[in-house]
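Take a look at the structure set out below.
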Amino acid sequence: MSDRTTTAQVAVIGGGPAGIEAACALSNNGIRVSLFESEPVLAHNVGNKFKLFPDFSSASELVATLSHKLSGSHVSVHLDTEIVSMEQKGGLWFLTDNYGHTHEAVAVLLATGYDVFDARRKEELGYGIYKGVVTSIDLESMLKAGKLVNVLGEQPQCVTFLQCVGSRDEKIGNHYCSKVCCVTAVKQAIEVKKLSPRTDVFLFYMDLRMWGQGFEELYREAQEQYGIRFVRGRISEAASTFDDRVQIKAEDTLVGQPLKMSTDLLVLMVGMEASCGTKKLASCCGVEGAYGFAHSCSPYLSDNMTDRQGLFLAGSCKRPMSVSDTVNDARSAAVGIADYLKTALSN
Amino acid sequence: MDFGFTISKPRSIEPTEAGREQLLQLEEQVPTFRRCMNCGGCTATCSAGQFTDFNIRKVHNLYRWGQYKELDEELQKCMLCGKCTLVCPRGVNLRSLIIHLRKALNKDHQPGDYQHFIRNNNR
Amino acid sequence: MMKRYWNEYQKEIADDKFFYERSCIRQTFFPGSEAAFLKMLREELGKDIYDEANQHTCTGIGYHSDIVPLQTTMTVVARLFALMTEAGYENYVPSCVTSFGVFTEMVEMWKHNPELLEKTRKILYDTTGRTFEIPKNIAHPSDIIYKFRYDLKQKMKYQLVNRFTGKPLRVVEHIGCHYAKIFPKAGVGNAEFPYVLAGMIEAWGGEVIDYPERRHCCGFGFRQYLVQENRGYSIANSKKKFESMEPYEPDFIVANCPGCTMFLDKWQYTIAEMENKTYDKNGYGIPVLSYEEMAGLLLGYDPWKLGLQLHQVQAEPLLNKIGIAYDPNEKFTGVSGKILPRPEKPHNLLV
Amino acid sequence: MSSYFHPFILPFCIGTLVLFAVIAVKFYRWISGLDRKQKKNVWMSLLTVRIFPSLWRIFKEIVKEVLLHVNITRYNWRMGYMHRSIALGWFLLIVTGFVETLFHFRGSGHPPWLGIFFRFFVRDYTYGISRVWADVMDLLLLYVLSGVSIAIFKSIYSRIVGMRKNTRLRWFDICLRYSLWLIFPMRLLSESATAALTGNGGFLTQGIGDMMPTEFAQVMEVPFWTAYSTCLCVFFVLFPFSRYMHIFTEPLLIVFRSLGVREGSQPTGYTRMELNACSRCGICIDGCPLDKDLNINDIQGVYLLRDVRHGLPHRNATENCLMCDQCVVDCPVGIEINEIRKQERNKGTLDTHDNYRFLDSVKSFNAIGRIAYFGGCMSHLTPGVTESMKKIFDAVGQKYWLMDEDKTICCGRPLLQQGFIAQAAELRRKNARLIVESHAQYLVTSCPICYQSFKKEYNLPIKVIHHTEYLAVLIRLGKLKPHKTGLKVAYHDPCELGRGCNIYDEPREVLQAVADLVRVQKEREHSICCGHSLGNTALDVEKQDKVRDAALRNLTADHPDLIATACPMCKKAFQHGQPTHVKDVAELIAEQL
């Protein structure tokens, strides 16, 4: 074996909440784990967030806790290391990274996560063309910086959220629901109101899916305490006004009349897509499912397993998932992997 | 003639068998029609709707319930520009829907006079 | 063969010796109908029917419009019963469906609240010095014609058959709401499937149309009609019925309630004037007959003596279809031989 | 003269007479069936001096297309050879036959059928120069026979002439095809039999004749000639009712087209000419995206023309077409297929008047000294294009009037394409009023659909240009000096701009100023439609997407950095496809100012 090769019992690809949680759980059971993260930092998707729904706990604290846990474990962490291909030979997995190094493992956990939808593909909404049009990710960093301003640098009079950008859209090819945007929008709307109480906040939705514990209560709070206006209709065009605000066209479907209004900020609730890494590795291993996500054996009893021996999945590389679901899924993956290792090693 | 009162409009929609048949026929012609989830994107973007009160979503929902009154006149406002079809997140073929709706609502409709021409001029 | 469950319910209808009470609307708008009914019973069937000269309203219109209080209605009904008792009859026959409903209702109320009956007897006696017995049998004239429909059929000159096509005439039957909707057991065939008119039509060769709004109210609705501003609601109900029956292309409508006969007839004119819409293909409207007129025509009575010229929708196309002979010149000659004034022609409805 | 008669010539003579009588009647009906405008065009062309050069052009085109089949050869040389060998070969066979007869009889005194049955009647023609004639005739017959054999092979395996598919023919046409194929072998046999007996054949017929036993030739000579004559008769009598009518119709079509006749919104006698001029060669099937990508194989031009001509049901062929004009460009006869399709789409009573009164209140704008810019309906969904154009106008100091900044009155072309003629005209009147009243200098539009409409259907008093033309002019004049980047760009020709309006060079010229243009396998007039064309209402989005994906595959084969196009509709279609960077030409320029 060359010095460029590392060996471990388990290779975890992806250093987000799923990867870290699973790696720590495995490591705590005495299993040797390597973790690969293509970015120079861990958990960058969560790290970009300000607060988490539904209880407004801090996202950075979550990341810090996870990092702390990881550094306290015996996991060997490889940052800035992107796994570009992998193959299975004689019961072992061989992973090749972007430096050309090979890593060996008995089991592999794919925790490659998601990318956010590129809102420029919905050109009619003007992202990248009008400055007043931002994505939910952009808004998150504004909220994090505690500075919510319109194009002119003033406190916005009006902020409008639009749901389902890049999700539930057959034209873009994403038929699925991204699951977390509804509650995220409600959370962000409340945060906008907290930061700037005099701003009018509108939220355009097609259906509001408040599926988790505390979500419906959050929705009600947004209506009752924060006076956020919910409009059932999809915005189909955005244009700019003479004063650099954004003019939007929608229909209030409950009134049955078209609606044309100006807003300082139009926030596009961009959905989740399979990340580049997910797409690449899932297709490389032949576990590619719908829309480029990785495909698990069955959603009920073997949701962490794949059709390939020793290849496991955790988190949003399978489908859009919230942070809490992701972490739980990672733990269940760790249990599955530990079981697998027992049988694999005894054979 | 003024009788001092007018005929009241029905307060509620009462679906009929005939309306159901008509709807099924339309759904057969434009299968994507069933997919609509009433997001209103079509109405929001509608070119004609920028000038006048024309709501294609409302029109086809009224058709669903067999409320045909004045729908034909309403549909004539459409310019067939195709923006609605382009923005529809569910891929409803709205232009086809509009043409078929107009055919269904227009009792005198016959295909162009060309058939007649063929009969007279063929071979 | 379709099973007709309503056939299983038959109400009790007296055989002979009837006390007849006229209807406010029928005797005003369709006087020939009541005359024809009496003639049919007396001459064709040989029954005893008494036509009291001192009779009066049952208060039905006022009662259902909340103008006349209940106790007043009870007393008025009691007086009518007193007239019957005095004349020595026990079988009450009110010409109007609403009267029929009122009488049935009052009798039912007295049955459950004897103190009300006692109070009514006392008031009637105190005010008029009359006493009364509750009738043994209350039947609507349509019930009686229904009961004797086969006897009448033997005397009929015509059938409900289109003589041009040889097919049965397509008939819409309309039952007044107060006939069986208040007390289902008071109607032949119950409230859902009143068979009283359908039985006549089928016995006499016609075909009954079963259309979606068959049981819908004609739109009279008392309170709705009485206030002009509310009439839009009344007419909307009639319109709903017409729109529902239109695709079935009925040859005529027959009703057992005088109010229904009147509104189904007159509203067709109003709708034609307001919206230029008629419900037959040729623009004449659908003729509306009372059951007495229908029976009378088939028995060969003169259409003009039956008073068909007083209807808004003219019956000539129907008469031609059945093949009933009539003299167009006699149309506006009264019973007394006096020439009646000719009505103005409507703008839209063809006559 | 009577010595040159034999009963077997009768079928041929009858057939020929019927053929010419029927054709005369048809031609008369078609020509008298031209509408007023078309007749006016014909007279205008005939009565001016322009007629002389056009007569020469007509002659040239007839020779090139009817005999030489230059267009088909250009499309595919094997297919061209097949058509040419039969058409030109047969034509020369007839002409040479007549010349030979004339030569033999020194001008006159012979019955007209002699040219066809020369060898049978002139049995002693075996000396001197006659040998040369016989060889020439045999050579021509061989030429035709080579074409017929290719045709027979093609009917089994179309790839032999480079076609993906054979046209599906009516049984009537199939039968007639067999009778056509039989004619030439029968002639060969007849002449060989005569040659066997008389020795008057050329290298081919004599060669075969020499192999025939004399008794056989004696018995079979007349039956062979009779069969030959009968084949000709059957073919001629049924000819005018079959696809072969194109042989005589095509020259007529060329004449009238050269005299300035074009399809109108209603079918006329000219339409009948076009319908009859289709030889059902099937070239239109070859390029059709619906056939290639969706396997929809009953709607192509050939089937539309066939079904319209014979009055067969054709609702699907009428409606289900992208109107991408690929078939129109490919058609070797130059039939205006999609104009006929539009006539067929005529919506009759659905096409009502006075629908758009709500547009009457729209006010024009005093745009004296400005240009009018019309983004088009779709441009509201591609703000990148309109914003870039605004930036460019500002950069060159051009004052402009945004005709449809907030709301657009559709140009009417989508309605027209769907057969709503009156409604489209109403919209054109509304827009034309706004444009004329504004007194703008000229009209720039970003949408090729609107561009084609304004240019061809509006008759506007001002010049209409597409924004790519505008940008090309600005760059040529040096008013715009964009920075050249190293981007590799593949350009997609929108159907309406390229095949529709012949604008291929300007967008490329503009692109080359800012980027490196990558060659695409199918480009210019062969560019693949983006699939989302407004010409079609019958396809659902899933199917449109399949056509789009084929177009994308074609464009991205060379892995360009981005795809450039010049149509908002195409741009949207590609944006919705697999994540690919798509930009309008205008955006690329605006970015590099």
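Below, each value reflects all heavy atoms present in this structure, side chains not excepted, and no hydrogens, waters or symmetry copies.
Contacts between D/Leu534 and chain B at a heavy-atom distance below 4.5 Å involve backbone atoms as well as side-chain atoms. Neither the backbone nor the side chain of D/Glu426 comes within contact range of chain B, judged by heavy atoms closer than 4.5 Å. Contact annotation for B/Cys78: only backbone heavy atoms (N, CA, C, O) come within less than 4.5 Å of a heavy atom of chain D. Heavy atoms of B/Arg90 lying under 4.5 Å from chain D are absent altogether. Neither the backbone nor the side chain of D/Asp404 comes within contact range of chain B; no heavy atoms are under 4.5 Å apart. For D/Ala424, no part lies under 4.5 angstrom from a heavy atom of chain B. Within the 4.5 angstrom heavy-atom criterion, only side-chain atoms of D/Met569, from C-beta onward, approach chain B.
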TODO: Take D/Lys347 and B/Asn106 through the side chain to side chain contact (heavy atoms under 4.5 Å, CB included) test and state the conclusion after the steps.
DONE: CA-CA 11 Å; D/Lys347 289 291 185 290; B/Asn106 188 320; over 6 Å; no
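Here the CG-OG distance, from D/Leu539 to B/Ser96, works out to 10.0 Å after rounding to the nearest 0.5 Å. To the nearest 0.5 Å, atoms CD1 (B/Ile99) and CZ (D/Arg345) are separated by 8.5 Å. In this structure, OG in D/Ser379 is found 7.5 Å from NZ in B/Lys83, a value given to the nearest 0.5 Å. Rounding to the nearest 0.5 Å places CG of B/Leu105 at 9.5 Å from CG of D/Leu350. Between the NZ atom in B/Lys77 and the CG atom in D/Leu359 there is a gap of 11.0 Å [rounded to 0.5 Å]. Of the inter-residue distances, the one linking B/Thr85 atom OG1 with D/Gln544 atom CD reads 8.5 Å to the nearest 0.5 angstrom.
Other residues, nucleotides and ligands contribute only 12 or fewer heavy atoms inside 6.0 Å of the CD atom of B/Glu70. Dense packing is recorded around NZ of D/Lys407, with more than 12 heavy atoms of other residues, nucleotides or ligands lying under 6.0 Å away. B/Tyr68 OH: more than 12 foreign heavy atoms inside a 6.0 Å radius.
Per-residue heavy-atom pair counts under 4.5 Å with chain B were compared for D/Val25, D/Leu427, D/Leu415, and the maximum is reached by D/Leu415. Taking B/Leu86, B/Ile98, B/Thr32 one by one and counting their heavy-atom pairs under 4.5 Å with chain D, the maximum is reached by B/Leu86. By number of non-hydrogen pairs under 4.5 angstrom with chain B, the leading residue of D/Asp540, D/Thr318, D/Asp406 is D/Asp540.
Residues forming a side-chain hydrogen bond (donor to acceptor under 3.5 Å, both in side chains) with D/Arg357 (at least two apart in sequence, or on another chain): D/Asp354.
The heavy-atom pair separating D/Tyr356 from B/Gln76 by the smallest distance is CE2-O, 3.5 Å. Smallest separation of non-hydrogen atoms from D/Thr408 and B/Met79: O-CE, 3.6 Å. The two atoms that bring B/Arg35 and D/Val541 nearest to each other are NH1-CG1, 4.2 Å, heavy atoms only.
Heavy-atom proximity under 4.5 angstrom to chain D picks out B/Thr45, B/Ser47, B/Ala48, B/Gln50, B/Phe51, B/Thr52 from residues 36-53 of chain B.
With a 4.5 Å cut-off on side-chain heavy atoms, D/Pro414 and B/Arg95 count as touching.
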